[in-house]
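Computed from a prediction, not measured in an experiment: that's the story for all the values here. In what follows, every chain begins at residue 1, and chains take the letters A, B, ... in the order their sequences are listed.
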Amino acid sequence: MKYDHKLIEPKWQKAWEDAGIFHAETNSTKPKFYTLIEFPYPSGQGLHVGHPRSYTALDIIARKRRQQGYNVLYPIGWDAFGLPTENFAIKNHIHPKEVTKKNVARFKSQLQSIGISFDWSREINTTDPAYYKWTQWIFLQLFKHDLAYKKEMAVNWCTSCKCVLANEEVVNGVCERCGSEVVRKVKSQWMLKITAYADRLISDLDLVDYPDRVKAQQKNWIGRSTGAEVDFTTTTGDTLTVYTTRPDTLFGATYMVISPEHPLIEKLSGVIGNMDEIRAYQAEAAKKSDFERTEVAKDKTGVRIDGVEAVNPVNGRQIPIFISDYVLVSYGTGAIMAVPAHDTRDWEFAKKFDLPIIEVVKGGEDVQQAAFTDCATGILVNSDYLDGLSVEDAKKRIIDKLTETGKGRAKVNFKLRDWVFSRQRYWGEPIPIVHCPCCGAVPLPESELPLELPDVESYEPTDNGESPLANMTDWVNTKCPKCGAAAKRETDTMPQWAGSSWYFLRYMDPHNDTALASKEALDYWSPVDWYNGGMEHTTLHLLYSRFWHKFLYDINVVPTPEPYAKRTSHGMILGENGEKMSKSRGNVVNPDDIINEYGADTLRMFEMFIGDFEKAAPWNSNSIKGCRRFIERFLGLAAVMTDGAAIRPELEGAFHKAIKKVGEDVENLKFNTAIAVLMSLINDIYATGSVTKEELRIFTILMSLFAPHAAEEVWSEGKLGSGFVSIAEWPTYDESKCVENTVEIAVQVNGKVRDKIMVAADIDQEGALALAKASAKAAAFIEGKTIVKEIYVKGKLVNIVAK
RNA sequence: GCCGAUGUGGUGGAAUGGCAGACACGCUUGACUCAAAAUCAAGUAACGAAAGUUGUGCGGGUUCAAGUCCCGCCAUCGGCACCA
């Protein structure tokens, strides 16, 4: 059979679509299986060879599940709002809607040419008003539950582009596009209170099957820490509360530091002696971008506040107060007690300002030379009633004491900040809020959703940092839904993360116009059984969508507390030179070229064979040929097929092992070794010179996961079964037939292989050793020595230890 | 600095503590061919004529046996980073 992939592949793609075999039905007597890939952003560059890696992997899982009798949902859609499209639209004076339409069409045809078993009848697009109606609806629910609020926030402002940048667009403190300086500008921003879910976002990780590194990264990002708040009084009679994770070191606090923005400064401005100096420092700190503030991390700066001191609540000692930008206003209380003996930053600051360093935890080196921060081994000293306790016990003891006396309390803090939800951009979901002079921020009635994006003349960001929508006076001016007075619409739009925070729910019921999805569909399909995506989405996308899902769970919209039961992640496909693929590096591989030259089956096979799925792998043009050759050899089997209705005895072990191993490897994402097993098996088959019909039938089903088009072709040409191999029954294996009758075992002397012998697989230790000792090669190494130990590992080796 | 990965032939990569290098690429030789391509067959870690020795980033250790386990380093990558 001549292998013409250009003929075969479109033929079967059309046949599958016509027969609708990949369409998922809500409700079925079969068990459900919902598998999901991260829906792509339809960029102008078209599909990248990285996309098919993930899509093919879960396609393999989806195909196997169908063959195992599951009702499978494997959907696809478009995460189409976003900056690149908007920028392209601005530059070329085309409406972003048109740009998106064109890009989606291109992506769609590219994806369809790979033969992924997506259910195209459930295709969604985040920029479709019928879709973003529900994104806006979710926002309204968040608003109604006080989880969306407006706040003055510093945003990134590019001085040259005169526009607001997302954090991702700021690289090393400069604008990603033009390279000019980015400064902070204060603007009123919509925020989502994700911090209210911080604890559950950590604890519910116990409910899901994610890789440990993903869980670790999420926990890291949320940054939960336990400690205490301690109330210090000041000599002016005010209270200065600090947060600390080391309340045990309270006796060692020799000064305090508050952030430059701390409100106490204004309050005491009349009492402070050096207000000019302090104002100058505040101004200096405010000018610095986040980038600069972290860059100068090594050298501590600060100013001592004159005229006010703090009083340590446990020993009544009076200590100075400083302001310094190493204390952040946004974390804890914006104030710290400094214990230089046991905190590296405090130690550096103390050295610079010549402040006393008092050791309160014994066990390290001289604290005058370096801070001792180890919590595990230290014993408290110089701490009155804490003396002699371990750090852990001292923490408990001091928190009890502080709680009793009302001077402190146990406290948990998070690094996680609320989600900045506003974008001053055109190409995003309008935020469905009306600002009324008398009623304030009023939510749009749900009946008025979707609030569609108006057509504007220009999508250019404005000079003043307002959204382009702000210029659309017709659209902006409206009536307050509550009191009817003249009011203005919110002109900010939502970030790209919004549409992708719930899209997996829409797939369950994509055409519903009365709910984001029907209760029936949600109950049936929830949760997503297996979600694969990139590590780059581990923190933001995963966290945001988990947050929204938990909220929807709390308001009884969705039936499960977690959206994804299992998450796996794929490694990146790198360029041939081992670097990240990018236009500027000139190492981009276009999947279309590969499909054109070798076919989609080869592309799929190669991307799965390229290496460990979870690790990054460099592209290698040479190895592609091996995969193409393998598929050709597979097609060639049809020519040597005999009528045999069984597996021949000499291949029985190999077949049963292959069924087992391919099945297991696929479940564990070990696609490369699964393919290696099939390659070995085909080598074994060719060694016999022929293949029976039954052998080819089984082999074709196994192959159909990786090379579905070629498999359908062999299936139909060889009349191996009815219908499509894509939905043929997955073969079973017999464990007892996975073992060979005779095996080769190694004969070791003192751990070194000296010979190899054939033995019966079930031979006992005595028998194996007898045969091993009969080996002349081994005997030469035993001669003249005394055997002190003999080891037999069944089916593997014997080891004779001789001295 | 903290968290998490990774380090194996010429290359991509395999190896529940049990024969290191499966499978594939490449290369060498042979068959077929007027010739080439394709295909098929054999070989292919290094050193050594051979017997054999040495080999999984480096240094130790545990074990009959270590790529795998333990201790201490080095390098590369990803994430976070003055979070008290």
Problem - Syn/anti state of B:rG9 by chi, 90° boundary around 0 - result: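 That one's syn.
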
Reckon [X] touches a base, only the sugar-phosphate, or nothing at all at heavy-atom distances under 4.0 Å?
X	result
A:Ile610	sugar-phosphate
A:Glu790	nothing
A:Asp346	nothing
A:Arg633	sugar-phosphate
A:Met679	sugar-phosphate

Problem - Residue mapping more 5' on RNA chain B - nearest nucleotide basis, A:Ala746 or A:Thr245 - result: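 So the residue in question is A:Ala746.
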
Problem - Earlier contact from the 5' end, RNA chain B, for A:Gly611 and A:Thr539 - result: A:Gly611

Problem - Any A:Phe322 side-chain heavy atom under 4.5 Å of A:Leu355 side chain - result: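 Side-chain contact under 4.5 Å: yes.
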
What is the distance, rounded to the nearest whole Å, between atom [atom1] of [X] and atom [atom2] of [N]?
X	N	atom1	atom2	result
A:Glu783	B:rA51	CD	P	19 Å
A:Leu637	B:rC40	CG	P	12 Å
A:Phe322	B:rA84	CZ	C1'	17 Å
A:Trp221	B:rA81	CH2	C1'	11 Å
A:Ile682	B:rA22	CD1	P	19 Å

Practice task
Give a yes/no answer on whether the side chain of A:Asn672 brings an N or O atom under 4.0 Å of OP1 or OP2 in B:rA14.
Solution key: yes

Handout entry: Under-4.0 Å side-chain N/O to phosphate OP1/OP2 contact, A:Tyr326 with B:rA84
Key =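 Negative; the distance criterion is not met.
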
Can you find an N or O donor on one side and an acceptor on the other, under 3.5 Å apart, linking the side chain of [X] with the base of [N]?
X	N	value
A:Lys300	B:rC82	yes
A:Asn220	B:rC3	no
A:Lys756	B:rC19	yes

Pairwise [atom1] distance, [M] and [N] [rounded to whole Å]:
N	M	atom1	value
B:rC69	B:rC64	C1'	16 Å
B:rU16	B:rU11	P	23 Å
B:rG78	B:rG17	C1'	30 Å

Practice task
May I ask you to check whether A:Phe606 and A:Trp619 place their ring centres under 6.0 Å from each other?
Solution key: yes

Exercise for the section: Flag the pair A:Phe706 / A:Phe609 as yes when their ring centroid distance falls below 6.0 Å, and as no otherwise. Expected result: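 Judged by ring-centre distance (under 6.0 Å), A:Phe706 and A:Phe609 do not meet the cut-off.
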
Exercise for the section: Drop me the distance from A:Lys300's NZ to A:Asp346's CG, to the nearest 0.5 angstrom. Expected result: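 Rounded to the nearest 0.5 Å, the NZ-CG separation comes to 9.0 Å.
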
Practice task
Check the angle between the aromatic planes of A:Tyr255 and A:Phe349 and answer parallel, tilted or perpendicular using the 30° and 60° thresholds.
Solution key: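 Because their plane-to-plane angle is under 30°, the rings of A:Tyr255 and A:Phe349 count as parallel.
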
Problem - Polar side chain donor-acceptor pair, A:Tyr281 to A:Thr301, under 3.5 angstrom - result: yes

Problem - Dot-bracket line, read 5' to 3' along RNA chain B, where crossing pairs take [ ] and | marks a partner on another strand, Watson-Crick or G-U under 3.5 Å - result: (((((((..(((.....[....)))((((((.......))))))(((....)))..(((((..]....))))))))))))....

Completion exercise
Applied to residues 239-248 of chain A, the side chain to side chain donor-acceptor pair (under 3.5 Å) test, sequence neighbours excluded, yields A:Ser225-A:Tyr243, A:Asp231-A:Thr241, A:Arg246-A:Asp248

Handout entry: Charged tip of A:Arg628 within 45° of A:Tyr598 ring normal and under 6.0 Å
Key = no

